[in-house]
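If you're wondering where the values come from, they're calculated on a predicted model, not measured in any experiment.
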Amino acid sequence: DEKPYKCQDCSYSCAQKYCLVIHQRSKHTGERHINAKTVHMLPQPKLLNFHRKSKHGINGKLDKSFKCNECTYATTTSASLRQHRKYHHSGEKPHKCTDCSYAAVVKSDLIK
């Protein structure tokens, strides 16, 4: 199972324990922000700032300054742009089915 951490109060599940803690606190205890007590449970506190900037932007506006020079793709992180270039423009499909010749760019596509 890719999401072994399951909420006891609802059907939510996730891959990281700290995500479950954040979910439980924000959805079931009424806590609406991550405070100093919660941040220490993150693998690295700076991940919270990275998450906020890359997923929610600054003042609600995403800065998609990393642009692909081969298409119109733009993203908030250099890592996402590297991954995009590697898989979408190289033709590489690293995830292979063990039962047939099917190969996919994204591992989750093997499940379909």
Side-chain angles (χ1 to χ4, degrees):
D1 191 352
E2 291 183 29
K3 295 183 176 182
Y5 298 97
K6 310 213 182 295
C7 180
Q8 295 178 349
D9 298 316
C10 69
S11 61
Y12 178 82
S13 63
C14 57
Q16 310 278 323
K17 185 176 182 178
Y18 75 91
C19 291
L20 178 59
V21 170
I22 291 168
H23 162 81
Q24 289 172 326
R25 288 184 177 185
S26 67
K27 300 297 180 188
H28 302 299
T29 67
E31 232 176 286
R32 289 290 171 215
H33 65 282
I34 297 174
N35 61 29
K37 291 178 186 173
T38 307
V39 171
H40 82 276
M41 288 183 244
L42 296 171
Q44 297 173 3
K46 64 182 176 180
L47 286 179
L48 176 59
N49 289 333
F50 175 78
H51 165 81
R52 284 182 177 150
K53 182 180 175 190
S54 65
K55 301 297 181 190
H56 306 290
I58 298 170
N59 297 324
K61 185 170 188 316
L62 286 176
D63 176 20
K64 293 187 175 186
S65 57
F66 296 93
K67 299 179 185 332
C68 180
N69 58 3
E70 297 182 50
C71 69
T72 59
Y73 179 81
T75 185
T76 58
T77 66
S78 61
S80 295
L81 180 58
R82 275 194 306 277
Q83 183 175 7
H84 164 81
R85 286 179 180 152
K86 181 177 180 180
Y87 296 130
H88 293 277
H89 296 299
S90 72
E92 183 179 343
K93 294 184 177 182
H95 304 286
K96 316 251 186 261
C97 178
T98 57
D99 298 324
C100 70
S101 61
Y102 179 77
V105 170
V106 181
K107 187 176 182 179
S108 63
D109 285 350
L110 289 177
I111 298 169
K112 295 177 182 174

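- In terms of heavy-atom proximity, Lys6 sits nearest to Lys3 at NZ-O, 2.9 Å.
- Pairing each heavy atom of Pro4 with each of Ala15, the nearest pair is CD-CA, 4.0 Å.
- Pairing each heavy atom of Ala104 with each of Leu110, the nearest pair is CB-CD2, 4.4 Å.
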Which pairs would a plain distance check flag for residues 78-88, meaning a side-chain donor or acceptor within less than 3.5 Å of a matching protein atom at least two apart in sequence or in another chain?
{"residue": "Ser80", "atom": "OG", "partner": "Thr77", "partner atom": "OG1", "Å": "2.7"}
{"residue": "His84", "atom": "NE2", "partner": "His89", "partner atom": "NE2", "Å": "3.1"}

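- Here Lys93 pairs with Ala103, Val105 under the side chain to side chain contact (heavy atoms under 4.5 Å, CB included) rule; sequence neighbours left out.
- More than 12 heavy atoms of other residues, nucleotides or ligands sit less than 6.0 Å from atom NZ of Lys96.
- When all heavy atoms of Leu20 and Tyr12 are compared, the closest pair comes out as CD1-CD2, 4.1 Å.
- Summarising the local packing, CD of Glu92 is surrounded by more than 12 heavy atoms from other residues, nucleotides or ligands at distances under 6.0 Å.
- Under the side chain to side chain contact (heavy atoms under 4.5 Å, CB included) criterion, Lys67 pairs with Ala74, not counting sequence neighbours.
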